[in-house]
Amino acid sequence: MKRILITGGAGFIGSHVVRLFVNSYPDVQIFNLDKLTYAGNLENLKDIEQAENYQFIHEDIVNADALHQLFTEHQFDSVIHLAAESHVDRSISDPLAFVNTNVIGTVNLLNAAVAAWKDDLDNKLFYHISTDEVYGSLGETGYFLEDTAYDPKSPYSASKASSDHFVRAYQNTYQLPIFISNCSNNYGPHQFPEKLLPLCINNVQNSKPLPIYGKGDNIRDWLYVEDHARAIDLIFHQGKKGETYNIGGFNEWKNIDIVKLLCAIMDRKLSQDSGTSEQLITYVTDRAGHDMRYAIDASKIKSELGWRPSLQFEEGLEKTVDWYLENQTWLDNVTSGSYQQYYHKQYQQ
Ligand code: NAD
Ligand code: DAU
């Protein structure tokens with residue numbers, strides 16, 4: 001039986017990846033290793049937690065000794081590494097937390113993998129999930145390609161770029177078989193309400209201001225999270241070892257436009273007068289060093305692996321709003337903190 005270690009599986013994207021793999025590959029054992037930071041919630045995996053091919057491991061990737069022991073104990077064949085500190089604003093106020101988890105944690109995982117796999121490296125795989133932010137910021141034109149030079153500009157993107165470099169260095173130095181994929185902004189269920197879209201959904205419901213950084217003209221490319229999970233599955237099973245793949249939604253939006261669209265959907269869903277939510281929009285001080293535009297050219301994964309986004313953006317946004325409205329308790333719990341403590345206690349026994 002194959003044994004895949006997925007890190008960060010209790011988080012936003014990781015929970016969709018874990019669910020997809022557990023349901024699609026019943027003959028493969030899936031181990032979800034997660035520290036359960038504020039962003040990690042086992043509630044995200046409630047529907048599959050009893051599956052025979054699923055096991056949760058409560059651990060911190062900064063703990064190198066524990067990782068070595070886990071590789072010996074569970075004999076993982078491959079790793080899909082998503083665990084990270086993921087929020088740019090937090091990286092500006094606490095960069096070291098990002099160095100610890102994203103850089104040191106990734107190197108710890110690489111070391112544990114190479115040590116455990118050294119006699120049979122050809123049959124193993126280390127798949128690192130990364131971001132388009134490593135390529136820096138675009139002007140009005142152009143796209144990020146797989147060979148675009150790295151130019152990270154925030155502590156978050158610098159930490160992700162560093163971890164990408166380490167993964168490639170381990171391929172070159174120790175012949176570790178790897179994939180790296182760099183994806184644009186994900187949206188969908190389970191995203192912590194500090195990121196733009198779930199923050200605005202939560203704030204509309206509570207009649208709180210919708211903070212728009214600067215003029216709101218920064219541009220992001222948005223992809224529904226399940227489409228990202230499908231891309232990861234495809235790369236994992238059909239990608240060419242050693243390659244990098246860019247993943248994106250072919251779907252660029254100015255922040256102010258996406259928030260206005262979201263407001264219109266919220267008004268309709270909450271049976272409010274049109275324009276009610278938009279009145280909450282509040283322009284605030286810009287994010288320090290705010291990248292202007294991200295845009296992925298995803299033609300490589302499209303032409304080589306046949307992947308493309310499955311959802312139209314407005315359809316995905318409606319689904320996302322519906323999920324948050326139907327899961328008010330999830331939203332209340334993650335914002336109150338009590339939820340986190342409950343699961344920590346449960347898994348520390
Ligand atoms: P998230 O913040 O929602 O989840 C991160 C998960 O990692 C959480 O479950 C958290 O508990 C866990 N974690 C954090 N530190 C850990 C540690 N030291 N040890 C073990 N587990 C730890 O993040 P996300 O948005 O789901 O992003 C997942 C990955 O995808 C990250 O590597 C991120 O850089 C990358 N990514 C995210 C996006 C996006 O739009 N969200 C886009 C491209 C790439
Ligand atoms: O591009 C991929 C990246 O997308 C991922 O690697 C990151 O993990 C993920 O968090 C995301 O980064 P962003 O910084 O683009 O996402 P965020 O939701 O924080 O912000 C989206 C845009 O909205 C960005 O231009 C900043 C702006 N913004 C954000 C917040 C939280 C606001 O205007 N107001 C806000 O309150």
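As a basis for the values below, the full set of heavy atoms in this structure was taken, side chains included, without hydrogen atoms, waters or symmetry mates. Just follow the structure's listing: the first ligand is 1, and inside any ligand the first atom is 1.
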Can you report which non-hydrogen protein atom sits closest to [atom], along with the distance?
atom: atom 27 (C) of ligand 2; result: N255 ND2, 3.4 Å
atom: atom 35 (C) of ligand 2; result: Y213 CZ, 3.3 Å
atom: atom 21 (N) of ligand 1; result: K35 N, 3.0 Å
atom: atom 12 (O) of ligand 2; result: E133 OE2, 2.8 Å
atom: atom 36 (O) of ligand 2; result: L199 CD2, 3.2 Å
atom: atom 40 (O) of ligand 1; result: N186 N, 2.9 Å
atom: atom 11 (C) of ligand 2; result: N185 ND2, 3.5 Å
atom: atom 3 (O) of ligand 1; result: F12 N, 3.1 Å
atom: atom 9 (O) of ligand 1; result: D34 OD2, 2.6 Å
atom: atom 26 (C) of ligand 2; result: H290 NE2, 3.4 Å
atom: atom 34 (N) of ligand 2; result: P211 O, 2.8 Å
atom: atom 42 (C) of ligand 1; result: S184 O, 3.3 Å
atom: atom 4 (O) of ligand 1; result: G11 CA, 3.5 Å
atom: atom 44 (C) of ligand 1; result: S130 O, 3.1 Å
atom: atom 31 (C) of ligand 1; result: L82 O, 3.2 Å
atom: atom 7 (C) of ligand 2; result: S86 O, 3.4 Å

Nearest non-hydrogen atom to [atom] belongs to which of [options]?
atom: atom 18 (N) of ligand 1; options: D60, N108, N63; answer: D60
atom: atom 19 (O) of ligand 2; options: K160, E194, R287; answer: R287
atom: atom 35 (C) of ligand 1; options: N32, I296, I129; answer: I129
atom: atom 37 (C) of ligand 1; options: I13, T131, V17; answer: I13

Please check if any side-chain donor atom of [X] sits under 3.5 Å from a side-chain acceptor atom of [Y], or the reverse.
X: D267; Y: S277; result: yes
X: R220; Y: Y187; result: no
X: R168; Y: T244; result: yes
X: N123; Y: D120; result: yes
X: D119; Y: W117; result: no
X: Y245; Y: N182; result: no
X: Q69; Y: D65; result: no
X: E315; Y: Y224; result: no
X: D221; Y: Y143; result: no
X: S154; Y: S157; result: yes
X: E304; Y: Q238; result: no
X: H81; Y: T106; result: yes

*asked:* Once you restrict to heavy atoms under 4.0 Å, what part of L196 touches ligand 2? Side chain, backbone, both or neither.
replied: both
*Pick one of side chain, backbone, both or neither for how S184 approaches ligand 2, counting any non-hydrogen atom pair under 4.0 Å.*
backbone
Please work out which of the three classes, parallel, tilted or perpendicular, describes the rings of [Y] and [X], given edges at 30° and 60°.
X: Y170; Y: Y174; answer: tilted
X: F71; Y: F76; answer: perpendicular
X: H190; Y: W323; answer: perpendicular
X: F31; Y: H74; answer: tilted

*Could you tell me which atoms of ligand 1, counted from 1 in the order shown, lie closer than 4.0 angstrom to a heavy atom of N185?*
40 (O)
*Identify, by atom number and element, the atoms of ligand 1 in contact range of G40, meaning under 4.0 Å from any of its heavy atoms.*
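Ligand 1 atoms under the 4.0 Å threshold to G40: 8 (C), 9 (O), 11 (O).
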For ligand 1, note which part of [X] has a heavy atom under 4.0 Å away: side chain, backbone, both or neither.
X: Y156; value: side chain
X: N100; value: neither
X: T37; value: both
X: E59; value: backbone

*Salt bridge or not for K2 and D27, using N-O below 4.0 Å?*
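Salt bridge absent between K2 and D27.
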Test of proximity, [X] against ligand 2: N or O pairs below 3.5 Å:
X: N218; result: no
X: I212; result: no
X: D132; result: yes
X: Y156; result: yes

Pairs of nitrogen or oxygen atoms closer than 3.5 Å, one from [X] and one from ligand 1: do any exist?
X: V62; result: no
X: Y38; result: no
X: S86; result: yes
X: H228; result: no
X: L33; result: no

_Per-atom contacts of ligand 2 with H87, taking only distances under 4.0 Å to non-hydrogen atoms_ = 19 (O)
Taking the non-hydrogen atoms of [X], is any one of them nearer than 4.0 angstrom to ligand 1?
X: G9; result: no
X: S15; result: no
X: T7; result: no

*Is the centre of the H165 ring less than 6.0 Å from the centre of the Y150 ring?*
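Ring-ring flag for H165/Y150: true, centres closer than 6.0 Å.
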*Provide the full list of salt bridge (Lys or Arg N to Asp or Glu O under 4.0 Å) pairs with a residue in residues 225-235, sequence neighbours left out, each pair given once.*
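Passing the test, one end in residues 225-235: D227-R230.
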*Donor-acceptor under 3.5 Å (T72 side chain, H68 main chain)*: yes
*Is the closest side-chain heavy-atom distance between V225 and F12 below 4.5 Å?*
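Result yes, sub-4.5 Å side-chain heavy-atom pair found.
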*From the options N246, D151, D291, select the one residue that forms a side chain to side chain donor-acceptor pair (under 3.5 Å) with Y135.*
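For Y135, the side chain to side chain donor-acceptor pair (under 3.5 Å) check succeeds only for N246.
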